[in-house]
Amino acid sequence: MEASYRFDTIESDVQQRWDAADAFAVKADDREKFYCLSMFPYPSGKLHMGHVRNYTIGDVISRYHRMCGRNVLQPMGWDAFGLPAENAAIKNGVPPAQWTRENIAAMREQLKQLGFAYDWSREIATCDPSYYRWEQWLFIKLFEKGLVYRKESVVNWDPVDQTVLANEQVVDGRGWRSGALVEQRAIPQWFARITDYADELLDDLDGLDGWPEAVKTMQANWIGRSTGLEIDFAVAGHDAPLTVYTTRPDTLHGATYMALAADHPLVAAAADADPDLAVFCDECRTAGTAEADLTTREKKGYRLPVEAVHPLSGAYLPIYVANFVLMGYGTGAVMSVPAHDQRDWEFATAYDLPIVPVVADANGNAPDISEGAVAEKGVLVNSGEDNGLDFEAAFAAIADRLEGRGIARRKTQYRLRDWGLSRQRYWGAPIPIIHCDDCGPVAVPEADLPVELPEDVTPQGAGSPLPDMPEFVNVDCPACGKAAKRETDTFDTFMESSWYFARFTCPDANAMIDERAHYWMAVDQYIGGIEHAILHLLYARFFQKLMRDLGLAVHDEPFKALLTQGMVLKDGAKMSKSKGNTVDPQALIETYGADTVRLFSMFAAPPDQSLEWSDAGVEGANRFLNRLWRLVATHVAAGAVAPATSAEGEGAELRRKLHETIAKVGDDVGRRYTFNTAIAAIMELVNALGRLDDTPSADLQGVRQEALTAIVRMLAPIAPHICDALWRELGHDGLVMNADWPVADEAALVRDTLTLVVQVNGKVRARIEVPADADRDTVAAAAVADENVTRHIDGQPIKKTIVVPGKLVNLVV
RNA sequence: GCCCGGGUGGCGGAACUGGUAGACGCGUCGGAUUCAAAAUCCGAUUCUGGUGACAGAGUGCGAGUUCGAGUCUCGCCCCGGGCACCA
C-alpha cells in the first residue's frame, strides 16, 4: 500500500465506488428502519461551517445505524424560497429563480465532495411547483375546514420604498434601504388556527422523550397555557364594560388603574375628541411589532377622561392608554396591580399612581414594595373579606363571587397566537385564492393547481412584482365565472419547511404524501440549529397533526428525537461576513480533504455546544489521519497475521484496551452522541498501538489486526473515505459501510486488580491497588495501611469509613 | 424586558449516576532524527512552594447542603440563542 496518506485520490476513488454501487438509495424492506434527517439548507450560495457541522453530525448518525443493520433513510433538499433571493435580484439583476437554482447546483456539489450518504434520488427543492402545489392543496383543505381565515394584521410599511418590510429589515425603526421611518399598517392577511391545536401541541411534548428538555420547556412557555379569570370592569358613564384577563385574580383587591392598547375601541372613541390622544396613539403604533421592542421601550401612558369601577370595592380607577399593551394580545386591556407586577409597578411609579400590596410575604407581613413589585404568591392582606386566603382559595372565592354576579368567567388562555401565513413578497408559493367582488375569497379548484409563480421576473425593490402582472392577477371567479383577481400574497416560507420531512419519504407521490410515509415516519433523529427550537419545530408539529387529521398521516408527531446543534464560532463570535471572521469549508476541503474537515468538526466540541473553530486544530485532525494511515501501512508491511489468542501479558492488556474502547465508542456514538469523546478514545487506542514494535510477535500482530479492523469500522461514520480505503488494505472485501459495527468481547474486559483512591477527610492522599473481588474490610484495611494515609491520620481515631466499590475509600477522622 | 442555554489550564474540551479535576487534541518548552530545515518520533506542561517525596490553592462571583460539590440548592455577574415577516 501507499506509504503516505493521499486524501485527494482516496476521496475521489471511494466516492466513485459509492456511486457505482448506488450505495445510498433506499426503499422500504423488512429491516428496522431509521430515518435520519438534518434540517435542509437555504441555498444561499455556498456551504458555511454551520452546514458542514450539521450535516456531518447527521451523516455520522446515519452511517452508524447503517452499520448496526438498519434500513437508513437520509435525504437532502433545499428550502428554496426566501428573502435573500429577492435581495440578490435587486442587487445583481438576476431573477430569484435563476439565482436560487444556480446556488443549489453549487451547494449540491459541495455536499457530494464532503461524502454525505444522501439518497439523492429523493432531492426536493421547495420552489418547484411539483412541491408547493401540495401545500397549496393543503391550504385549500384547511380553508374548507375553516382552519384558515382572513383578518386584519399589522405589517412594517416603508413609505419610501412602498413595500412591506420584514422585522429584520427594520433597523432602529427605519427601513434598511430607504432609511425612512417605518409605519405600521393593518392589512388583511391569512391566518392558520394553530391555537385550535394548542392543547395537543402542549400535551404531546410529554411524549417526546428524545427531545432536549430545554426545547420542550421553550415550546411549553411559548404556547403559554394559563388558567385565569376574565373580568368585566364597569366603565362610569358607559354601557359597555372593559374586559380584562388575569392569571392573578387573587390580586384583584390591589388593582389601582387600568391600561389599554392604543387600538382598543374605548380609546378610538376618546381619540376622536382629543387630538393629543390621537397623536399619542399614533406614536404607540409607530414602534415595531417585535415583542422585544415592545417590552424594553420606555413605558408611556395617556390618561383617558373616563374611569373604571373596581368590581369589589366600587372605587373609581383611572384608565390609561399604554404603549406596552397590544390589541393583538388577549383583550387589549389590562388590570394593573403595581404591587405585584413589575411592569405595572414601573408605570405606577412613573405616573404617581397608588401601589397597594395585597399579598403578604413569607412572614405574613405586607411585602416591601419600595424597590419593585413582589410577584410571589402568598396569603392575602388588605383584601377585606378575602384576607388570610392563599392563592388557590382567593382565586376560587373571588372567581365564584364575580361569576355569581355575571361579570367574570374562568378561562383558559394561551400566549400562542394564530400563525400569519401571508407575505407581501414575490419569491414564495402563491396563496391559491381568487378574490371575487361577489363571492369573496374563493379557493382555486384542485384541478387548477399548482398556481405557478411566474419565474422570469426580477424584483426591483419596490415591493412584489406580482400585483403588476395582469396575466397573473386577472382570472375568472371559479364560483360564478365573473372577472376576479388572484391573491398576490405568497406563503410564509415556514410553510415549506413544515412538511418536507414527510415528502422525502415519497417525493414523487401523486398526493401530498402517500402510504410510504407510514413506513418511514416518524423521523427517528432530527438534527438542526437551536435557533429553530420554537417556530420551525412548532409549525412542523402542527402540520403533522393537520396531515393526520386529513387522513394523510398516521403519526401524531413528526420527530421522535431531536439534536440541537450549537453554533460555529471563530474568535469567540458567530462567523459573519461583516466581522470578517468566516472560514470557507471549500478551501479546507481542498487543503486537507473532506475526512479531516469532518473529523475536526466532530472532535472540537460535543454537537449541542458551540464550536470554536481552530485552524491549528484542523491540522491536528489531519495529523491523526496521517498517523493512522502509517500505522496500517506498517502493520500490513509486517506480513501475515495469525488470529489473536492473547490470554495474558501485553497482548491481553492491549485487547482489554481495545474492547474497552469498543464499548465506550459504541456508547458515545450510539447513545450519548458525544462524538468528541468517541474520537478521543480511538486516538488513545491508536497511540497505544503506535507504541508496539513495527514487527511484533505473531500474537501481538494478531491483536493489532483485530484492533485496526475495529478502529477502521468505528471511525468509518466520521471519516468514511480513508476508512473505506484502509478496510480493503487490511484485507477485507466490499465497502466498510456495509461491515458490522464492532461489539465488545466481555471476556476481554475482565480485570484482576483495581486502583482505588484513598481520601482522608475528603482529600486524596494515596492510590492503592486491590484485588477486584476484595471485600469492604479488606479494602479499608489496605487503605489504612498506606504510609501517606497513616501520616495524615496522625494517630487520630477514625470516625467513619466510606467505601465506594471500585472507586474510593474516604476516612473521616 | 421575558423564556431557554452556557461559563473548567495559554486554547478547544474531558470528568456520563455527588466520588482521582484537566482524558484527547492544539499551543509552548526540551530532546532525538537531519549538513540544515520541513515532516516525523520521544519527554514535560493548572498555579504556588520544594532538588524531591510532598504540601497548599484551584472549575465566573458569593453563600449553603454533604464524609465528599465542576456536578445539587439559593442569590448575583458575564456570554450566547429565541421573542411570532431572517432562515
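Being a predicted model, the structure only gives us computed values, none of them experimental. Just so it is clear, the values below take in all heavy atoms, side chains as well, and ignore hydrogens, waters and symmetry mates.
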Residues passing the ring-ring contact (aromatic ring centres under 6.0 Å, His included) test with A:Phe491, sequence neighbours excluded, are A:Phe139

Looking at every strand, decide which applies to A:Ser614 at a 4.0 Å heavy-atom threshold: base, sugar-phosphate, or nothing. nothing

Closest nucleotide among B:C86, B:G19, B:C24 to the A:Leu83 side chain: B:C86

Side chain of A:Ala680 - closest among B:A87, B:C24, B:U20: B:C24

Salt-bridge contact A:Lys216-A:Glu213 (side-chain N to carboxylate O under 4.0 Å): yes

In whole Å, what separates the P atom of B:G64 from that of B:A69? 13 Å

Any donor-acceptor pair under 3.5 Å from A:Asn323 side chain to A:Glu298 backbone: yes

Please enumerate all residues that pass ring-ring contact (aromatic ring centres under 6.0 Å, His included) together with A:His48, with sequence neighbours excluded. A:His51

If you measure from the C1' atom in B:G70 to the same atom in B:U46, how many Å do you get, rounded? 15 Å

Selection residues 803-813 of chain A - residue pairs positive for side-chain hydrogen bond (donor to acceptor under 3.5 Å, both in side chains), sequence neighbours left out: none

Could you check whether A:Gln342 gets within reach of a base, just the sugar-phosphate, or nothing at all, counting any heavy atom under 4.0 Å? nothing

In RNA chain B, consecutive runs of at least three Watson-Crick or G-U pairs below 3.5 Å, as range with range, amount to B:1-7 with B:77-83, B:10-12 with B:24-26, B:27-32 with B:40-45, B:46-49 with B:54-57, B:60-64 with B:72-76

Please tell me which of the listed nucleotides, B:A84, B:A87, B:G13, lies nearest to the side chain of A:Gln609? B:G13

From B:A15, B:A84, B:C16, nucleotide with atom closest to A:Thr677 side chain: B:A15

Using the purine O4'-C1'-N9-C4 or pyrimidine O4'-C1'-N1-C2 torsion, is B:G68 syn (within 90° of 0) or anti? anti

Would you mind classifying the nucleic acid contact of A:Lys216 as base, sugar-phosphate or nothing, using non-hydrogen atoms under 4.0 angstrom? nothing

Assign A:Trp613 to base, sugar-phosphate, or nothing according to its heavy-atom contacts below 4.0 angstrom with the strands shown. nothing

Nearest to the side chain of A:Pro606 - B:G13, B:C4, B:C83? B:G13

Between B:C24 and B:U8, how far is it from one C1' atom to the other, in whole Å? 16 Å

Inter-nucleotide C1' distance (B:G9, B:U59), Å rounded: 10 Å

Would you mind building the protein contact string for nucleotides 39-58 of chain B? One character per nucleotide, 5' to 3', B for base within reach (heavy atoms under 4.0 Å), S for sugar-phosphate only, - for untouched. -SS------------SSSS-

Could you tell me which residues satisfy side chain to side chain donor-acceptor pair (under 3.5 Å) with A:Glu496, sequence neighbours excluded, listed by chain and number? none

The ring-ring contact (aromatic ring centres under 6.0 Å, His included) partners of A:Phe603 (sequence neighbours excluded) come to none

Show each protein N/O and nucleotides 71-75 of chain B N/O combination with a separation under 3.5 Å, one pair to a line.
none

Verify the ring-centre separation between A:Trp211 and A:Tyr526: is it less than 6.0 angstrom? no

Report the residue (A:Met218 or A:Gly420) whose heavy-atom-nearest nucleotide on RNA chain B is the more 5′ of the two. A:Met218

Does the B:C3 base have a donor-acceptor partner in the side chain of A:Asn221 within less than 3.5 Å? no

Across the strands shown, which category fits A:Gln169 at heavy-atom distances under 4.0 angstrom: base, sugar-phosphate, nothing? nothing

Assign A:Glu496 to base, sugar-phosphate, or nothing according to its heavy-atom contacts below 4.0 angstrom with the strands shown. nothing

For atom P, what is the distance between B:G80 and B:C16, given to the nearest Å? 28 Å

Whole-angstrom distance between B:C76 and B:U66, as gauged at atom P: 24 Å

Given B:C16, B:A87, B:G1, which nucleotide is nearest the side-chain atoms of A:Ala292? B:G1

Quick one: side-chain hydrogen bond (donor to acceptor under 3.5 Å, both in side chains) pairs with a partner in residues 185-195 of chain A, sequence neighbours left out? A:Gln189-A:Gln424, A:Trp190-A:Glu487, A:Thr195-A:Asp418

Name the nucleic acid region contacted by A:Glu684, choosing base, sugar-phosphate or nothing; use a 4.0 angstrom heavy-atom cut-off, strictly under. sugar-phosphate

Going by side-chain contact (heavy atoms from CB on, under 4.5 Å), name the residues that satisfy it together with A:Val583, two or more places apart in sequence or in a different chain. A:Met49, A:Lys570, A:Met575, A:Leu588, A:Trp613

With rounding to the closest Å, how many angstrom separate the C1' atoms on B:A37 and B:C26? 23 Å

With side chains defined as the heavy atoms from C-beta onward, is the minimum distance between A:Val764 and A:Val758 less than 4.5 Å? no

Here's a test for you: under side-chain hydrogen bond (donor to acceptor under 3.5 Å, both in side chains), which of A:Trp78, A:Tyr500, A:Trp499 qualifies with A:Tyr131? A:Trp499

Does a donor on one side chain and an acceptor on the other come within less than 3.5 Å for A:Asn788 and A:Arg791? yes

Which whole number of Å gives the distance between the P atom of B:G18 and that of B:A53? 34 Å

A:Val215 or A:Arg415, whichever maps to the more 5' nucleotide of RNA chain B: A:Val215

For A:Tyr132, the ring-ring contact (aromatic ring centres under 6.0 Å, His included) test, sequence neighbours excluded, returns A:Phe81

Over all strands shown, is A:Leu416 touching base, sugar-phosphate only, or nothing at heavy-atom distances under 4.0 angstrom? base

Counting side-chain heavy atoms from CB outward, which of B:G27, B:A84, B:C24 is closest to A:Ala616? B:G27

I'd like a table of atom pairs between the protein and nucleotides 8-12 of chain B - only N or O on both sides, under 3.5 Å - with the distance next to each one.
unit_1: B:G12; atom_1: O2'; unit_2: A:Ala604; atom_2: O; d: 2.8

Under 4.0 angstrom, heavy atoms only, what part of the nucleic acid is A:Met567 near: base, sugar-phosphate, or nothing? sugar-phosphate

